[in-house]
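Input: a single structure, listed below in structure tokens.
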Amino acid sequence: MPELPEVETMRRAILPAIGHRIVAVVAPRSGLRPITFQPHLPKLRRRLLGRTVRGIDRCGKRLVLELDDASRLVIEPRMTGLVLPDEPLDHAHIRLVIHLAGQLAGEAKAAKHRVQDGHRAGCSIYYWDQRGLGAVRLLSLSQFWQLCGPARIGPDALEISAAELQQRLGHSRRQVKVALMDQQAVAGIGNIYASEILHRAGVHPAVPCCRLDDVQWLAIQKAMRSVLHDAIRCGGSTLRDGTYRRSGRQEGGFQQHHQVYDREGQLCLRCRQARIARFVQGQRSTYFCPNCQK
DNA sequence: CATATGTCCTGAGAGC
DNA sequence: TGCTCTCAGGACATAT
């Protein structure tokens with residue numbers, strides 16, 4: 001569920017970790033199946049300890065922590081993963097905790113004491129994941145490029161031009177909503193925002209890409225940017241299941257602005273004529289207004 | 001090559 | 001009340 005706006009919101013929340021050194025890595029035990037760790041936990045922990053976070057980026061729907069030895073910690077929340085700067089109320093689904101200390105007072109030993117005393121001077125990164133489909137990977141630079149390089153992940157949905165979007169998808173026979181969720185074509189869009197983007201663009205979700213003209217591709221690209229920017233401004237979307245949260249159990253706000261997603265049978269807020277319809281595309285729910293999107 | 005389908009997982013909610 | 005069933009959708013493996 002975390003798509004570009006949610007992951008970007010998580011990224012911004014943990015930016016204070018930059019410049020801090022990893023002093024503890026904890027994976028709480030639970031009866032749940034473990035998430036994917038690469039490499040496995042003992043090695044992952046050993047390699048992380050003592051590293052300093054140099055930068056925090058986003059690659060599509062993944063968070064990327066750049067460490068001082070040029071390795072990359074890639075966190076992939078998939079369906080229910082959350083990256084938080086403070087402790088979630090539900091401890092049962094905490095999968096990994098990274099404690100960091102400031103480097104000013106130096107020694108990891110002193111830093112560890114501060115961590116135990118309530119980590120006053122440092123900060124922490126919590127990875128919480130209810131369904132456990134997510135993954136945490138510590139990768140060398142070359143491994144990172146294999147996973148997140150241009151061969152696997154397309155241009156970011158916030159950056160891509162209309163011309164490049166059209167060039168990448170314009171010849172495809174796939175239905176446009178399905179194609180927009182192809183991370184190799186354009187990175188960051190998932191099921192919720194694909195529906196919202198196409199509604200704002202006025203394009204029917206089942207139209208094959210190759211039937212769209214220049215004007216429609218431009219409309220899609222403009223809608224993509226504006227919808228995603230609006231959603232980031234709101235801190236993402238917390239759906240009915242309530243899984244997605246910001247720090248302190250705070251909900252996102254963009255669900256209040258959804259025009260079509262999860263609004264089946266309700267009046268379209270733009271035309272106020274038709275009711276929002278739902279159908280299934282690639283085993284996923286698509287929502288659209290039959291009047292605004294033809 | 002392009003496109004379509006099945007799979008992983010947990011918890012919520014429906015239906016009986 | 002308590003059981004079983006279905007659904008939610010991210011990315012990847014496998015199938016067509």
Worksheet item: OP1 or OP2 of dA8(C) sitting under 4.0 Å from any side-chain N/O of Thr243(A)?
Response: no

Practice prompt. Report yes if a side-chain nitrogen or oxygen of Tyr261(A) is closer than 4.0 Å to either non-bridging phosphate oxygen (OP1 or OP2) of dG9(C); otherwise report no.
Written response: yes

Provide, to the nearest angstrom, the distance between the [atom1] atom belonging to [X] and the [atom2] atom belonging to [N].
X: Met1(A); N: dC7(C); atom1: CE; atom2: P; answer: 16 Å
X: Glu6(A); N: dG9(C); atom1: CD; atom2: P; answer: 13 Å
X: Lys61(A); N: dG10(C); atom1: NZ; atom2: P; answer: 5 Å
X: Gln130(A); N: dG10(C); atom1: CD; atom2: P; answer: 15 Å

[X] with [Y]: basic N within carboxylate O range, under 4.0 Å:
X: Asp182(A); Y: Arg168(A); value: no
X: Arg245(A); Y: Asp90(A); value: no
X: Arg12(A); Y: Glu8(A); value: yes
X: Glu66(A); Y: Arg54(A); value: no

Item to complete: Go through the steps for Thr243(A) and Trp128(A) under the test side chain to side chain contact (heavy atoms under 4.5 Å, CB included), then give the verdict.
Response: CA-CA 10 Å; Thr243(A) 306; Trp128(A) 182 97; 3.8 Å; yes

Response to the item:
5'-most to 3'-most nt of DNA chain B touching chain A (<4.0 Å, heavy-atom partner on protein side) reads dT3(B) to dG11(B)

Worksheet item: Can you tell me if Arg47(A) and Ser71(A) form a side-chain donor-acceptor pair at under 3.5 Å?
Response: no

Practice prompt. Mind checking Ser285(A) for me? I need base, sugar-phosphate or nothing, with any heavy atom below 4.0 Å counting as a touch.
Written response: sugar-phosphate

Worksheet item: What nucleic acid atoms does Arg173(A) come within less than 4.0 Å of, heavy atoms only: base, sugar-phosphate, or nothing?
Response: sugar-phosphate

Discussion item. Would the distance check show the side chain of Gln221(A) and the main-chain N or O of Trp217(A) forming a donor-acceptor pair, the cut-off being under 3.5 Å?
Written reply: no

Discussion item. If we ignore hydrogens and angles and just use 3.5 Å, is the side chain of Thr52(A) paired with the main-chain N or O of Gly19(A) as donor and acceptor?
Written reply: no

Worksheet item: Under the 4.5 Å side-chain heavy-atom rule for ILVMFWY, direct or indirect, which residues accompany Phe288(A)?
Response: Phe279(A)

Item to complete: Using the C1' atom as the reference point in each nucleotide, state the distance between dA11(C) and dA12(B) in Å, no decimals.
Response: 24 Å

Fill in: Rounded distance in Å between the P positions of dG6(B) and dT6(C)
15 Å

Worksheet item: Which residues pass the ring pair (Phe, Tyr, Trp, His ring centres under 6.0 Å) test with Tyr261(A), sequence neighbours left out?
Response: His258(A), Tyr287(A)

Worksheet item: Taking for each residue the nucleotide of DNA chain B with the nearest heavy atom, is it Gly282(A) or Asp241(A) whose nucleotide lies nearer the 5' end?
Response: Gly282(A)

Worksheet item: Pick the nucleotide of DNA chain B nearest each of Arg95(A) and Arg174(A); which residue has the one closer to the 5' end?
Response: Arg174(A)

Discussion item. Is it the case that dG10(C) (base atoms only) and Arg284(A) (side chain only) share a donor and an acceptor within less than 3.5 Å, ignoring hydrogens and angles?
Written reply: yes

Worksheet item: By a strict heavy-atom criterion of less than 4.0 Å, which residues belonging to residues 175-192 of chain A are in contact with DNA chain C?
Response: Gln183(A), Gly190(A), Asn191(A)

Discussion item. Expected output is a numbered-order residue list: members of residues 136-152 of chain A with a heavy atom under 4.0 Å from any atom of DNA chain C. What is it?
Written reply: Leu147(A), Arg152(A)

Worksheet item: Linking I/L/V/M/F/W/Y whenever any side-chain heavy atoms sit under 4.5 Å apart, do Leu138(A) and Leu100(A) land together?
Response: yes

Can you tell if the side chain of [X] reaches within under 4.5 Å of the side chain of [Y], non-hydrogen atoms only?
X: Tyr126(A); Y: Pro88(A); answer: yes
X: Leu96(A); Y: Ile125(A); answer: no
X: Ser195(A); Y: Lys177(A); answer: yes

Response to the item:
Parsed dot-bracket for DNA chain C after applying the Watson-Crick and G-U rules with both distances under 3.5 Å and | for other-strand partners is .|||||||.|||||||

Item to complete: Could you say whether Ile153(A) or Arg131(A) is positioned toward the 5' end of DNA chain C, judged by the nucleotide with the nearest heavy atom to each?
Response: Arg131(A)

